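The model shown is predicted, which means the values in this text are computed figures rather than measured ones. Quick note: residue numbers are just sequence positions, from 1.
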Amino acid sequence: MTRGEAYIGFKGRNNSSSMLVKALSHYNILLTNSFTGLKKDIDLLPADYDAVYFFGVDKNLTDSFRIEQCAEKDRSRLLSVIDLKTISERLAATGIRSTISKTPTQYLCNEAYWYLLEKYQGRVVLIHIPTIKNFNNMFEKMTFPEHEYESVQNYLSKLGYCYTTRVYKEVGKYQLGKLYIAPWGDMLKIDEVSTYHKVKDRPFYDEMCDDEKAEIRKYSENMGLEYEFIKFSRFSIN
């Protein structure tokens with residue numbers, strides 16, 4: 001029996017790879033920022049993952065990702081067997097530009113990529129992303145009332161998706177298929193956006209409390225404005 005996928009980044013409070021793998025999966029792995037340390041970390045990993053998504057940081061990237069095809073060590077190269085074109089297309093569908101590089105990188109990312117490719121027989125891809133400042137500039141934040149944080153995260157963990165209603169100035173703010181950062185760090189993908197005028201037409205109307213109905217009605221129906229019912233989920237790169 002295999003373990004599915006692994007999401008790997010580097011340790012560091014201000015390391016965007018650490019932030020991203022935590023956003024993509026609660027079951028993430030962070031490598032030590034040293035040659036000897038990362039080798040020990042990789043040696044301790046289970047050997048039966050179906051696929052490994054490994055993220056590193058490139059300060060030269062500002063608004064795009066770079067997908068690495070290979071790693072090089074002692075004049076030998078190891079290649080990823082993962083479909084890199086499909087990954088690039090999936091990123092593009094969410095608004096993320098990416099390129100596929102056939103030139104090995106250097107320093108810690110290349111070293112770790114080499115050992116991971118070797119350990120998992122090519123079932124690994126290294127994706128370079130911008131620094132935390134540029135990374136945050138790439139994505140808008142999706143806001144929620146603070147008292148909803150826990151319930152939204154519970155729905156995402158239990159079902160994999162959740163719903164939200166947006167009224168007034170929030171209407172049209174979140175675009176179908178695009179990615180947004182949640183206040184608690186998750187990467188959220190907008191899966192469906194439906195527009196309504198009457199509160200009674202909202203899905204799950206009978207499950208809403210009177211206060212919720214009144215709040216939506218106040219900022220939509222009573223003002224002659226439409227509102228949006230949005231389905232969103234945690235983003236998965238596979």
State plainly whether one hydrophobic cluster holds both L179 and M138, where clusters connect Ile, Leu, Val, Met, Phe, Trp and Tyr through side-chain heavy atoms under 4.5 angstrom apart.
yes
Can you tell me how far the CE atom of M208 sits from the CZ atom of R202, to the nearest 0.5 Å?
4.5 Å
Any idea which heavy atoms bring G56 and C109 closest together, and the distance?
CA-SG, 3.8 Å
Separation of L117 CG from R77 CZ (nearest 0.5 Å)
12.5 Å
One pair to check against side-chain contact (heavy atoms from CB on, under 4.5 Å): L116 and I42. What are the steps and the verdict?
CA-CA 7 Å; L116 288 168; I42 292 170; 3.9 Å; yes
Would you say that more than 12 heavy atoms from the other residues, nucleotides or ligands in this model lie under 6.0 Å from the OH of Y168, or not?
no
Could you tell me whether the side chain of S157 and the main chain of Q153 form a donor-acceptor pair under 3.5 Å?
yes
Please assess Y7 against S236 for the test side-chain contact (heavy atoms from CB on, under 4.5 Å), listing each intermediate value before the final yes or no.
CA-CA 10 Å; Y7 291 85; S236 175; 3.8 Å; yes
State, with a plain yes or no, whether a side-chain heavy atom of E215 is found less than 4.5 Å away from one of V167.
no
So, do T32 and K40 sit near enough that their side-chain heavy atoms are less than 4.5 Å apart?
no
Any side-chain heavy-atom pair of S220 and Y196 under 4.5 Å
no
Would a distance-only check, ignoring hydrogens and angles, find a side-chain to backbone donor-acceptor pair under 3.5 Å from S151 to E148?
yes
Smallest heavy-atom separation, K178 atom then G95 atom, equals NZ-CA, 3.7 Å
Same apolar cluster: Y174 and Y149, side chain cutoff 4.5 Å
yes
For the pair K119 (side chain) and L45 (backbone), establish whether a donor and an acceptor sit closer than 3.5 Å, ignoring hydrogens and angles.
yes
Rounded to the nearest 0.5 Å, what separates atom CZ in R90 from atom OG in S98?
12.5 Å
Any donor-acceptor pair under 3.5 Å linking the side chain of E221 with the backbone of V199?
yes
Tell me if the centroids of the rings in F144 and F232 come within less than 6.0 Å of each other.
yes
Minimum heavy-atom separation for K189 to F235, with atom names?
CD-CD1, 4.1 Å
Spacing of CG belonging to L20 relative to CD1 belonging to I181, to within rounding of 0.5 Å
9.0 Å
For the side chain of N15 and the backbone of S17, is there at least one donor-acceptor N/O pair under 3.5 Å apart?
yes
In the single-linkage hydrophobic clustering (I, L, V, M, F, W, Y; side-chain heavy atoms under 4.5 Å), do I237 and I96 co-cluster?
yes
Do the side chain of N134 and the main chain of K59 share a donor and acceptor less than 3.5 angstrom apart?
no
Sub-6.0 Å ring centroid separation between F10 and F55:
no
N/O donor-acceptor pair under 3.5 Å between N110 side chain and E72 backbone
yes
Hey, any chance F54 and L79 share a hydrophobic cluster, counting ILVMFWY side chains that come within less than 4.5 Å of each other, even indirectly?
no
Any side-chain heavy atom of L78 within less than 4.5 Å of one from W114?
yes
So which atom in L31 and which in I8 form the shortest heavy-atom distance, rounded to 0.1 Å?
CG-CG2, 3.6 Å
One thing to verify: whether R234 and D186 come together as a salt bridge, which I'm taking to mean a side-chain N less than 4.0 angstrom from a carboxylate O.
yes
Yes or no on side-chain contact (heavy atoms from CB on, under 4.5 Å) for V171 and L225, after CA distance, side-chain angles and deciding distance?
CA-CA 10 Å; V171 172; L225 301 174; over 6 Å; no
Give, for atom CD of E228 and atom CD1 of I216, the distance between the pair rounded to the nearest 0.5 Å.
12.5 Å
Does R217 reach the main-chain N or O of K200 with its side chain, forming a donor-acceptor pair under 3.5 Å?
no
Using a 3.5 Å distance criterion without hydrogens, assess whether the side chain of Y163 forms a donor-acceptor pair with backbone atoms of P203.
no
Residue pair S80 / V124: nearest heavy atoms and the distance that separates them:
OG-O, 2.6 Å
Would you mind reporting whether P104 and Y113 have side-chain heavy atoms less than 4.5 Å apart?
no
Going by heavy atoms in the side chains, are L188 and L156 under 4.5 Å from each other?
yes
If you look only at distance, which donor and acceptor atoms sit under 3.5 Å apart when one is on a side chain in residues 62-71 and the other is two or more places apart or in another chain?
unit_1	atom_1	unit_2	atom_2	d
D63	OD1	R97	NH2	2.7
D63	OD2	R97	NH2	3.3
R66	NE	E68	OE2	2.6
R66	NH1	D58	OD2	2.8
R66	NH2	D58	OD2	3.0
R66	NH2	E68	OE2	3.0
R66	NH2	H128	ND1	3.4
E68	OE2	H128	ND1	2.8

Applying side-chain contact (heavy atoms from CB on, under 4.5 Å), run through Y205 and K213 and close with a yes or a no.
CA-CA 8 Å; Y205 174 80; K213 296 174 183 177; 3.6 Å; yes
Is the side chain of Q175 donor-acceptor paired with the backbone N or O of G172 at a distance under 3.5 Å, no angle test?
yes
With heavy-atom distances below 4.5 Å as the criterion, would you say the side chains of Y219 and Y227 are in contact?
no
State the CZ-CG distance between R123 and D48, to the nearest 0.5 angstrom.
8.5 Å
Are R166 and T143 side-chain neighbours, meaning at least one heavy-atom pair lies under 4.5 Å?
yes
Do Y180 and L24 sit in the same hydrophobic cluster, where Ile, Leu, Val, Met, Phe, Trp and Tyr count as joined when their side-chain heavy atoms come under 4.5 Å apart?
no
